[in-house]
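Quick notes on the structure that follows.
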Amino acid sequence: MNYFLSEQEEMVKNLFSEYVDKRIIPLRKELEEKHEFPREIFREMAQQDFFRIMVPEEYGGLNDSQLQLSLGIEQLARGDGGIAVSFAVDAIATNGIVLYGNEEQKKKYLPGIADGKIITAFGLSEPGAGSDAAAIKTKAVKKGNKYVLDGVKQFITNGEIADIALVIASTDPEKGYKGQTAFIVEKGTPGFSAGKREDKMGILSSVTNELLLDGCEVPGENILGQVGRGFYIALGLLDRSRIGIGAKALGIAQGALDEALKYAKTREQFGKPISSHQAIQLMLADMATQVEAARLLVYQAARTADSQEKKLTKISAMAKLFASDMAMKVTVDAVQVFGGYGYMKDYPVEKMMRDAKVTQIYEGTNQIQRMVIARQLFKDSG
Ligand SMILES: Cc1cc2nc3c(=O)[nH]c(=O)nc-3n(C[C@H](O)[C@H](O)[C@H](O)COP(=O)(O)OP(=O)(O)OC[C@H]3O[C@@H](n4cnc5c(N)ncnc54)[C@H](O)[C@@H]3O)c2cc1C
């Protein structure tokens, strides 16, 4: 298929793809069993310059695009959904600093992010505020030129490994979402720690934690953007990162399709490979068609982000929604192609099915994506 990728985009895709084939696919079973974030893999990815993608050249990056980031995430997810999401979430705070940070913040953090020495997290969700992000309770109270943060952030990807976290807190609770502010909180700040590590269904090579803020004093210069703009910053970042979740779902589905095709050619029943049974052929044809449709939508959303198009909200929600629902269906079908063996951990398709599920949930559930799309549809139609 020709996706009209430039030479540079093809190169990025191939770089990630080769790394995934060489390093991640052979390791993924072990990563899954260990239930631990593989630091060594992140170090290797840094050596490959993968973390330079979203960072502008003047801060040590490659000034690449959302499409290149998506191509990279897609390839990583073809190998392992956990590594893909750790990488994708790292891009959220990175994007935050690139898009909303001041010069001092960019100089302070972006070179380390580009080198892969600073890992980031994004702390929006709370125990009582998931879909309803306007309902967050974490408070930031001004004290001199500092802010004192108190609260709990829930289900934070990279929580315990992050060197900095972009935390959304309420500086003026009476103003609701208009009183939210974004802070860069550094690891080691007194009163800031990672809490419980979640025991998850899938993406086991990614760590998910509570982030605890207990009288945590953050300097005023660590405010990202302006006071009162935190909610808008979070929504702006989610418009972009949802494309990454779409790319992640796409990669998982492609990986499952590849495995199903390979298996169908070798498994024999009734004296012939199951690939010659029409029921299997039709299932594979549907899977492949859905993967291609999702790819076109994800790439289109990424291109929309790169063209600075203002109307990103609807297409990024569509890409995330369609690709994640597709990944769930395709991975379930891949398990079906494997029959009983698909249900066993000896083969990777059951892991892909578990890894796919969360793409329908995080960065806004698919119910929320449908609401976002519907709202935009009515807005656009006047
Ligand atoms: C593995 C993992 C990693 C995560 N990583 C991060 C992270 O790095 N940073 C971060 O900030 N968050 C993170 N999250 C949180 C994630 O974004 C939330 O779980 C998600 O937004 C849903 O919120 P919730 O879990 O509180 O569900 P709820 O909001 O309680 O939703 C429960 C159900 O109700 C539905 N629902 C809610 N409101 C409506 C409505 N108005 N109309 C129709 N249906 C509705 C939802 O779709 C869902 O089906 C992560 C979550 C997981 C599972």
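All values below were derived from every heavy atom in this structure, side-chain atoms included, with hydrogens, water molecules and symmetry-related copies excluded. Each ligand, and each atom within it, is numbered from 1 in the order the structure gives.
- Judged by distance alone, the side chain of Arg28 and the main-chain N or O of Gly79 form a donor-acceptor pair under 3.5 Å.
- Under the side chain to side chain contact (heavy atoms under 4.5 Å, CB included) rule, Ile233 has a single partner from Thr181, Leu238, Leu224, which is Leu224.
- Here the heavy atom of the protein found nearest to atom 48 (C) of ligand 1 is Thr365 CG2, 4.1 Å.
- Every N/O-N/O distance between Ile156 and ligand 1 stays at or above 3.5 Å.
- Distances between N or O atoms of Ser125 and those of ligand 1 include at least one value under 3.5 Å.
- Looking only at protein heavy atoms, the nearest one to atom 29 (O) of ligand 1 is Ser131 OG, 2.6 Å.
- A donor atom on one side chain and an acceptor atom on the other are found under 3.5 Å apart for Tyr19 and Glu44.
- Residue Gln367 approaches ligand 1 through these ligand atoms, each under 4.0 Å from one of its heavy atoms: 44 (N), 46 (C), 47 (O), 49 (O).
- Counting heavy-atom neighbours within 6.0 Å of Asp380 CG, excluding the residue itself, gives a total above 12.
- Where the criterion is an N or O separation shorter than 3.5 Å, residue side chain and backbone included, Asp132 fails it with respect to ligand 1.
- Close approach of ligand 1 to Glu363 (heavy-atom distance below 4.0 Å) involves ligand atoms 17 (O).
- Of all the heavy atoms of Val358, the ones lying under 4.0 Å from any atom of ligand 1 belong exclusively to the side chain.
- At under 3.5 Å, not a single nitrogen or oxygen of Met371, backbone or side chain, sits near a nitrogen or oxygen of ligand 1.
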